[in-house]
Amino acid sequence: MNLIELSDYYLDAIGAGSDFNNIHFTLSQSEVCQIQTDSTDDAHNFLKALATLVRPVSGTYRFMGKEIDFSDYRKLLPIKRKIGYIGQDATMISNRTVRENLLLTRTYYENSLSISLDDKVLTLCRMFNLQDKLDVRPGELRPIDLRMAIATREMTKPFDVLLLDGPEDYFGHETFDPLNEIINGIAHFGKAVVFFSRDQEFVKTFPTRKIRIANGALTGVAI
């Protein structure tokens with residue numbers, strides 16, 4: 001069974017990009033899929049679509065074989081929990097601390113206010129130098145620290161697929177190299193990854209599959 005399947009998918013353009021016309025796309029477990037395109041806006045748009053952040057003009061999005069209903073945001077919550085998205089449109093809730101943001105999904109699904117950060121989250125917090133910033137609100141963070149907090153939240157979700165939009169711009173130099181190890185581990189445990197990157201060292205390390213987006217059309221590329 002495919003993790004994600006887009007059928008007859010149409011999306012309005014964003015920025016200087018193109019409208020997406022009649023997109024067909026499938027993603028399976030353990031695939032690491034690289035997006036190739038001359039349009040950064042098209043890459044952003046496609047990753048946002050996979051993250052369910054944009055509603056299609058028409059078409060069908062199936063996750064684990066079940067069609068997604070975009071008419072009610074609450075129906076998207078179980079899907080969003082299974083999709084990690086690290087990109088320019090990822091945000092945190094502004095009136096909650098970093099710690100509360102990191103615990104939000106668990107608080108909701110476990111229906112408890114007494115839970116604490118687990119070892120996996122704390123390990124990433126130390127890697128991203130967030131351990132002394134957990135009790136401040138997102139608006140008080142430096143931009144790089146805010147991005148690292150979002151990345152920590154997304155990478156510690158119980159996701160089945162991780163979406164990365166320009167990781168070389170998103171992560172600082174000191175944390176970009178450890179990201180390679182994290183991605184390798186994610187694919188090793190059966191998770192899928194879809195990414196757009198212009199960093200050639202990052203690009204050549206991972207893909208099991210490449211897709212090309214040009215003028216609103218999507219095609220496969222031989223590895």
Side-chain angles (χ1 to χ4, degrees), residues 14-15 40-41 43-45 47-55 68 70 72-183 185-186 191 193-197 199 202:
I14 62 172
T40 301
D41 284 329
H44 294 334
N45 201 13
L47 286 166
K48 286 174 62 177
L50 293 181
T52 71
L53 294 176
V54 292
R55 184 172 180 171
I68 291 179
F70 284 90
D72 186 341
Y73 178 82
R74 291 168 297 181
K75 294 180 180 180
L76 292 174
L77 292 178
I79 306 301
K80 291 179 181 292
R81 187 174 183 235
K82 293 293 185 179
I83 300 174
Y85 170 73
I86 300 174
Q88 62 180 6
D89 292 288
T91 61
M92 282 192 147
I93 298 175
S94 61
N95 64 351
R96 299 195 181 215
T97 66
V98 172
R99 187 188 305 274
E100 289 170 330
N101 271 276
L102 295 176
L103 287 171
L104 190 60
T105 298
R106 287 185 58 201
T107 300
Y108 178 82
Y109 282 97
E110 297 177 28
N111 193 27
S112 173
L113 296 175
S114 61
I115 56 178
S116 58
L117 298 175
D118 60 29
D119 289 343
K120 182 179 180 181
V121 177
L122 291 173
T123 296
L124 283 182
C125 286
R126 287 190 291 270
M127 179 185 295
F128 296 148
N129 297 314
L130 295 172
Q131 63 268 32
D132 60 346
K133 305 174 181 73
L134 293 172
D135 295 311
V136 301
R137 293 186 176 182
E140 300 170 24
L141 295 174
R142 296 181 305 156
I144 181 62
D145 292 327
L146 177 58
R147 294 197 298 272
M148 294 306 96
I150 292 171
T152 298
R153 181 194 64 195
E154 296 301 297
M155 288 194 288
T156 54
K157 290 163 89 172
F159 63 79
D160 290 314
V161 55
L162 179 64
L163 310 174
L164 294 167
D165 191 350
E168 65 273 19
D169 299 321
Y170 201 89
F171 291 84
H173 176 72
E174 292 182 359
T175 52
F176 188 53
D177 288 341
L179 179 66
N180 294 354
E181 297 181 16
I182 294 172
I183 302 301
I186 288 169
K191 310 299 184 181
V193 179
V194 183
F195 73 90
F196 172 68
S197 173
D199 186 281
F202 186 81

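Positions are given from 1, in the same order as the sequence printed here.
Counting only heavy atoms from C-beta outward, the side chains of Asn101 and Pro138 approach each other to under 4.5 Å. The shortest distance between side-chain heavy atoms of Phe171 and Met148 falls below 4.5 Å. Contact of the Arg81 side chain with the Pro158 side chain is registered, since non-hydrogen atoms from C-beta on lie closer than 4.5 Å. Using a 4.5 Å cut-off on side-chain heavy atoms (C-beta onward), Leu163 and Ile83 make contact. Counting heavy atoms from C-beta outward, Cys125 and Thr152 have side chains that approach closer than 4.5 Å. In this structure the side chain of Leu103 reaches within 4.5 angstrom of the side chain of Leu117, judged on heavy atoms. Taking the side chain as every heavy atom from C-beta outward, Leu164 and Val194 never approach each other to under 4.5 Å. Looking at heavy atoms from C-beta onward, Leu122 lies out of side-chain contact with Asp118 at the 4.5 angstrom threshold.
The distance from atom CG of Leu47 to atom CD of Gln88, rounded to the nearest 0.5 Å, is 10.0 Å. Here Asn45 contributes atom CG and Thr40 contributes atom OG1; the two are 12.5 Å apart, rounded to the nearest 0.5 Å. The distance from atom CZ of Phe128 to atom CD1 of Ile150, rounded to the nearest 0.5 Å, is 12.0 Å. In this structure, NZ in Lys48 is found 4.0 Å from CG in Asp89, a value given to the nearest 0.5 Å.
Each salt bridge (charged side-chain N to carboxylate O under 4.0 Å, His left out) pair with one or both residues in residues 140-149, not counting sequence neighbours, appears once here: Arg142-Asp145.
Judged by distance alone, with hydrogens and angles left aside, the side-chain atoms of Asp160 form no donor-acceptor pair with the main-chain N or O of Lys82 at under 3.5 Å. Judged by distance alone, the side chain of Lys133 and the main-chain N or O of Val98 form no donor-acceptor pair under 3.5 Å.
Of the residues Leu130, Val121, Leu134, the one that meets the side chain to side chain contact (heavy atoms under 4.5 Å, CB included) test with Arg99 is Leu134. The ring pair (Phe, Tyr, Trp, His ring centres under 6.0 Å) test with Phe202 singles out one residue from Tyr170, Phe195, Phe196, and that residue is Phe195.
Residues that satisfy the salt bridge (Lys or Arg N to Asp or Glu O under 4.0 Å) test with Lys157, not counting sequence neighbours, are Glu154. For Asp165, the side chain to side chain donor-acceptor pair (under 3.5 Å) partners at least two apart in sequence or on another chain are His44.
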For this session: Evaluate the side chain to side chain contact (heavy atoms under 4.5 Å, CB included) criterion for residues Ile93 and Glu100: first the C-alpha distance (whole Å), next the side-chain angles of each, then the deciding distance (0.1 Å), finally the verdict.
Result: CA-CA 9 Å; Ile93 298 175; Glu100 289 170 330; over 6 Å; no
Exercise. Between Ile86 and Met155, does a side chain to side chain contact (heavy atoms under 4.5 Å, CB included) hold up when you go through it step by step?
Worked result: CA-CA 8 Å; Ile86 300 174; Met155 288 194 288; 3.7 Å; yes
Exercise. Could you walk me through whether Arg55 and Ile68 pass the side chain to side chain contact (heavy atoms under 4.5 Å, CB included) check?
Worked result: CA-CA 10 Å; Arg55 184 172 180 171; Ile68 291 179; over 6 Å; no
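Aromatic ring centroids of Phe159 and Tyr85 lie 6.0 Å or more apart.
Within a 6.0 Å radius of CG in Asp119, no more than 12 heavy atoms belonging to other residues, nucleotides or ligands are found.
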